[in-house]
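Data block below; observations after.
Below, all heavy atoms of this structure are taken into account, side chains as well, without hydrogens, waters or symmetry copies. Letters go in sequence order (proteins before strands), and every chain restarts at 1.
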Amino acid sequence: MSESKDFLRMIVEEDLKSGKYKEVVTRFPPEPNGFPHIGHAKSIVINFGIANDYNGHCNLRMDDTNPTKEDTKYVEALKDAVEWLGFQWGDDVHFTSDYFSKIYDYAVELIKMDKAYVDSASEDETRENRGTVKQAGKRSKYAQRSVEENLDLFERMKNGEFKDGEHVLRAKIDMSAANMKMRDPLLYRIRNVHHFRADNKWSIYPMYDFAHCLSDYIEGVSHSICTLEFENNRDVYNWVLDTLGLTTSRPYQHEFARLGINYTVMSKRKLLELVQGGQVSGWDDPRMPTIAGYRRRGYTPESILNFCDQIGIAKANSMVDVAQLEFCIRDDLNTKVPRVLAVLDPLKVTIVNYEGNEEIDAPYYPHDVPKEGDRKIPFSKEIYIERDDFMENPPKGYFRLTPDQPVKLRHAYIITCKEIIKDTSGNIIEIKAEYIPNSLSGSDTSGIKVKSAIQWVSIAEAKKVEVRVYDRIFKDEAPEGIEDINPDSLKVIKNAFIEPAVITQKPDERFQFERQGYFYFDPIDSTDEHPVFNKIVGLKDSWSKKEKPAKSEAKPQTKKVQVDGEVIAMSEKQQTLFDKYTSIGLNTEVSNTLARDEQLSSFYEETLSELNSPIALANIVTNEVARELKQMQVDELKFSAKQIAELIKMVDDGTISNKIAKQVFEEMVISGENAAQIVENEGLVQISDPSVISPIIDEIIAKNPDNVAKFKAGNTKLLGFFVGQVLKTTGGKANPVVVNELVAKKLGE
RNA sequence: UGGGGUAUCGCCAAGCGGUAAGGCACUUGCUUUUGGUGCAAGCAUUCGGGGGUUCGAAUCCCUCUACCCCAUCCA
C-alpha cells in the first residue's frame with residue numbers, strides 16, 4: 001500500500017464517507033473487438049483494484065453494441081487476460097447485449113417524454129447539420145415528429161422493417177451545444193446483421209453513449225471509470241440518467257489518462273495493422289504490447305501488476321519509459337528463477353591439458369536468492385564459450401578471456417588462452433586453452449585472481465536450442481505507424497547451446513541464462529526435440545554502457561523563453577474603471593482584474609460603500625471572492641458585500657490576522673454567518689502577545705533539534721517550517737508577523 | 001461559438017497556504033566467482049512563463065503559452 005492515494009481512490013473514499021454509496025461497484029467494460037493490451041491491464045488493475053481495496057466488487061462487462069466488429073474470440077482473450085492477472089469477476093461475465101431489452105424500454109420512455117426522436121435524414125445530412133466546433137448545428141426537420149409517430153417508427157425499426165441507415169433514434173438535447181457530443185446524439189442505429197451473442201434478434205443496436213450509462217446503472221455501478229477521451233461524453237452520460245430520472249444511487253463517470261509506453265503503439269487499430277500486415281506472428285507475438293504478447297514473451301502477471309502500481313493514476317497524458325516495465329520483470333524474476341548456463345553465439349574452446357570428463361555440482365540460485373536446488377553440469381575437454389567473451393585485442397577495462405588474461409569458467413575452472421585458431425579469412429574459430437587443475441569453484445587453491453567468470457557448455461552434452469531474441473518493435477520513441485518499425489526486432493538463433501539439466505530436469509519455465517538475461521520456454525513452439533526460448537529481458541548491463549556510451553545528450557541548457565500573447569484591449573468603460581481604481585491606490589494588476597470583470601467590480605463598489613479601505617477590500621474581492629464567483633453567480637453567494645466589509649474591518653483593526661480572515665471567509669462561504677459571529681464562536685481572535693507566543697516557540701524548537709541544526713547550518717527556508725508549526729499549534733491564531741520575528745530572534749541566538 | 005482537459009527532475013508521480021515524497025533512468029563508491037543482485041551516497045534553491053495576494057505560494061487570484069480530446073450511424 002502506497003502512502004499516497006490516487007485521485008480516483010480519493011473520490012471513492014469521499015463518496016463512501018459521505019454515504020453516497022453503500023458499496024463501491026466498478027466495472028471493466030472493454031469492447032470485444034481486439035486483444036487486450038497493457039493499457040487494458042492498467043484499467044483492469046484500477047477497476048478491480050479499487051473494488052478490492054474497498055470491499056466492493058467489479059464486473060467484467062463486454063460492451064458488445066457494435067456487432068460488425070465484435071467476436072467471441074476476443075471475449076475469450078479478454079477473460080484470459082483478467083484471469084491471468086489474477087482478478088475474479090464473480091459469477092458471470094456481463095454483456096451489454098444482455099440489457100438490450102431494458103435499454104430499448106428506456107428509449108421508448110425517452111420518446112414518450114419527447115426527449116428522443118426518429119431521424120430519417122441521411123448520414124451526410126446529419127453530419128452536415130451537426131455544425132462545427134465553432135458553429136452551431138441545425139436540428140433535423142424530422143425532430144418535429146409526434147410522439148406517436150416516433151413510437152411507431154422506432155418499433156418498426158426494431159422489427160427490422162427498414163434497411164440499414166434509413167433511420168436513427170436521436171436524443172433531443174441541443175444542436176447548438178458547445179459540447180459537440182450534446183448535439184442530439186444518436187441513440188440507436190439500424191444494423192441488420194448477426195450479433196455474436198444476440199443472434200439475429202435485433203435489427204437496431206444502441207450507441208455507446210446510450211448503452212454505457214444505462215448498463216452501468218443496471219449493474220448498480222457506483223464509479224464508472226474510463227479514459228480521458230470520454231470526458232466530453234460525460235455530459236451525455238449524465239443527461240440520459242437524469243432525464244430518465246435514474247438518479248437514486250446512480251453511477252458517475254470519472255476519467256484517467258490512458259497508458260502510453262514508448263517504442264510501441266497502443267491503439268487497437270495500429271495493433272491490428274501489425275497483425276494483419278504480417279509484421280508480427282499474431283496478437284500474441286512476444287513483441288506485441290498485448291497481454292497475450294507479454295505472456296508469451298514470459299512476463300509474469302506479478303510484474304505487470306507491479307508496473308501498473310508504479311506508474312500511478314493521473315489525468316496528465318503521459319508516455320511511460322519502457323525501462324520501467326523492464327525493471328518490473330527483472331525485479332520479479334531475480335528472486336524467483338533458476339540460473340543456468342547457455343551459450344548463444346558459440347566459440348569452441350579446447351582445453352588441451354584436460355582429459356576425460358566430470359560432473360560439476362552447481363546451485364541453481366545465487367547466494368542472495370534464498371531458494372534451494374542444484375544440478376550437475378558436465379565438463380569436458382571441448383566446450384563452447386560466448387564469442388563476446390574472448391578478445392584478441394581487448395579494450396581497457398575488458399574483464400574476460402584474452403591472450404594475456406585468464407578467466408573463470410562459471411562453477412568450474414580457470415582457463416588461460418594458449419593459442420588462437422583462425423580460418424583463412426582471419427575469423428577466430430577456436431581457442432586452445434589450458435585449465436588450472438586446482439581452481440575448481442568451491443575448492444580453489446590456485447591463488448589466481450580472475451576478473452570475471454563466464455558461461456560455457458560442454459559440447460558433447462549440451463543441448464541445441466532455438467533462442468528468439470526480441471528488441472523493441474519500433475525504432476521510434478513515439479512511432480506513427482509501420483514506417484517506424486524496427487527491422488531487427490526479432491533475431492532467431494537456431495544454434496544456441498544450453499546445459500542439459502534445463503531440458504531433462506525442467507526446473508522451471510523461466511530461467512536466467514547467466515550474464516545474458518531472462519528467458520522463457522516458449523509454450524507454443526517448443527517441443528522436447530526442438531526447445532525454443534524467448535528472451536524476456538536482458539540483464540542490466542553496465543559494461544556495454546561503459547564501452548559505447550550512449551551519445552552524450554548535451555542538455556539543452558537554453559532556458560525556454562516564452563513569448564507572451566496579446567492581451568485583449570479594455571473597453572472604454574473598463575478603462576474608466578481601471579483608471580479610477582489605480583487612482584485610489586490599487587496596483588495595476590488588481591485594478592485590471594477588477595475592471596475587466598463586471599460582477600467583481602460591482603461587488604467591490606458595494607463593499608467600498610461600506611468601508612473605506614480600498615486596497616484591502618480590493619485584495620479580498622479579486623482573490624477570494626473571485627474564486628467563489630467562478631463557480632456561481634453573485635446572487636447565489638451566501639455572503640454579502642457588507643459582510644466582507646465587516647471582515648476586512650476586523651483585519652484592519654488588528655482583531656484578526658490575514659490568515660484568520662481567510663479561514664473566516666471559508667466559513668462565511670458555507671454558512672453565510674457574519675464575520676464577528678464566526679470569530680466569536682471559534683475564538684479566533686489573534687494572539688499578538690509575545691509572552692504567550694514565546695513558550696510555544698521554545699517548545700517547538702526543543703522538539704525539532706534536527707531542523708534547528710539545519711537552520712543554523714544555513715537552511716533559512718526552515719524559518720517557514722517553524723512559523724508553520726507555531727501557527728499550527730495555536731490553531732492559526734498567533735500573529736504571524738510577531739511569530740516570524742520571535743522565531744528569527746530565537747533561532748539566531 | 002467554440003467547448004472540455006492537462007502542465008512538478010531525462011520518464012512516471014506525490015503534494016490541496018508552512019522543510020519539493022517515492023519509483024524508473026543516470027552517476028559514484030562498497031559487496032559479489034553473474035560487468036547481475038544487494039547496500040550506501042548523489043541527483044528540482046524550484047513546480048510551463050509573467051504578474052498579483054500573503055509574514056509565507058507548486059498550492060489562492062489574474063494573464064499568457066504549449067500539448068491532448070471533441071464535428072463516426074465506433075467505443
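B:rC67 and B:rC62 have their P atoms separated by 23 Å, given to the nearest Å. Here, B:rU45 and B:rC68 have their C1' atoms 32 Å apart, quoted to the whole Å. With C1' as the reference atom, B:rG50 and B:rU37 are 49 Å apart, rounded to whole Å. Between B:rA40 and B:rU54, the two P atoms lie 46 Å apart (nearest whole Å).
Among the nucleotides B:rA20, B:rU1, B:rC55, the one closest to any side-chain atom of A:S176 is B:rU1.
Looking at heavy-atom distances under 4.0 Å, A:A323 makes contact with sugar-phosphate atoms alone, never a base. Looking at heavy-atom distances under 4.0 Å, A:I620 makes no contact with the nucleic acid at all. Residue contacts shown for A:K710 include a base, since a base heavy atom lies under 4.0 Å away.
For A:N707 and B:rU19, a side-chain-to-base donor-acceptor distance below 3.5 Å is present, hydrogens and geometry of angles not being considered. On a pure distance criterion of 3.5 Å, a polar donor-acceptor pair joins the side chain of A:Q324 and the base of B:rG23. Side-chain to base pairing of A:K659 with B:rG18: one donor and one acceptor N or O lie within less than 3.5 Å of each other. Evaluation of atom-type donor-acceptor distances gives a pair under 3.5 Å for the side chain of A:N740 against the base of B:rC55. Side-chain to base pairing of A:K134 with B:rU1: no donor and acceptor N or O lie closer than 3.5 Å to each other.
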Quick one: what's the B/S/- string for nucleotides 34-42 of chain B, heavy-atom cutoff under 4.0 Å, read 5' to 3'?
BBBB-----

Under 4.0 Å protein heavy-atom contacts per nucleotide of nucleotides 64-75 of chain B, with B for base, S for backbone only and - for none:
SS--SBSBSBBB

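A sub-4.0 Å separation between OP1 or OP2 of B:rA20 and a side-chain N or O of A:K717 is present.
The partner of B:rU59, taking Watson-Crick or G-U wobble pairs whose two distances both stay under 3.5 Å, does not exist in any strand shown. With a cut-off of 3.5 Å on both pairing distances, the Watson-Crick or G-U wobble partner of B:rG2 is B:rC70. For B:rA7, the paired nucleotide is B:rU65, the pair qualifying as Watson-Crick or G-U wobble because both relevant distances are below 3.5 Å. B:rU33: no Watson-Crick or G-U partner with both key distances under 3.5 Å is found in any strand.
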Got a list of protein N/O to nucleotides 59-62 of chain B N/O distances below 3.5 Å?
{"residue": "B:rC60", "atom": "O2'", "partner": "A:R627", "partner atom": "NH1", "Å": "2.7"}
{"residue": "B:rC61", "atom": "OP1", "partner": "A:K630", "partner atom": "NZ", "Å": "2.8"}
{"residue": "B:rC61", "atom": "O4'", "partner": "A:N623", "partner atom": "OD1", "Å": "3.4"}
{"residue": "B:rC61", "atom": "O2'", "partner": "A:T622", "partner atom": "O", "Å": "2.6"}
{"residue": "B:rC62", "atom": "OP2", "partner": "A:K630", "partner atom": "NZ", "Å": "3.0"}
{"residue": "B:rC62", "atom": "O2", "partner": "A:E589", "partner atom": "OE2", "Å": "2.9"}

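Using a cut-off of 4.0 Å between Lys/Arg side-chain N and Asp/Glu carboxylate O, A:K408 and A:D444 are scored as salt-bridged. Contact check on A:E386 versus A:R400 returns no salt bridge, with no Lys/Arg side-chain nitrogen under 4.0 Å from an Asp/Glu carboxylate oxygen. Of the charged side-chain nitrogens involved, at least one lies within less than 4.0 Å of a carboxylate oxygen, so that A:R627 and A:E666 count as a salt-bridged pair. A salt bridge between A:R234 and A:E231 is absent, with no side-chain N of the basic residue lying under 4.0 Å from a carboxylate O of the acidic one. A salt bridge between A:R170 and A:D184 is absent, with no side-chain N of the basic residue lying under 4.0 Å from a carboxylate O of the acidic one. Ion pairing of A:R515 with A:D389 is present here, as a side-chain N (NZ or NE/NH1/NH2) and a carboxylate O approach within less than 4.0 Å. Here A:D332 pairs with A:K336 in a salt bridge; the nearest charged N to carboxylate O distance falls below 4.0 Å.
Using cut-offs of 30° and 60° on the angle between ring planes, the pair A:F519 and A:F513 is parallel. Under the 30°/60° scheme for interplanar angles, the aromatic rings of A:F399 and A:W543 are found to lie parallel.
The glycosidic torsion of B:rU72 lies within 90° of 0, placing the base in the syn range.
Here the P atom of nucleotide B:rG56 and the CD atom of A:E741 are 13 Å apart, to the nearest Å. With rounding to whole Å, A:R234 atom CZ is found 12 Å from B:rG3 atom C1'.
For A:Y188 and A:F154, the ring centers are positioned less than 6.0 Å apart.
Atoms CE and CE, on A:M180 and A:M175 in that order, are 8.0 Å from each other to the nearest 0.5 Å.
For the 3.5 Å distance criterion, the side chains of A:N33 and A:K268 qualify, holding a donor opposite an acceptor.
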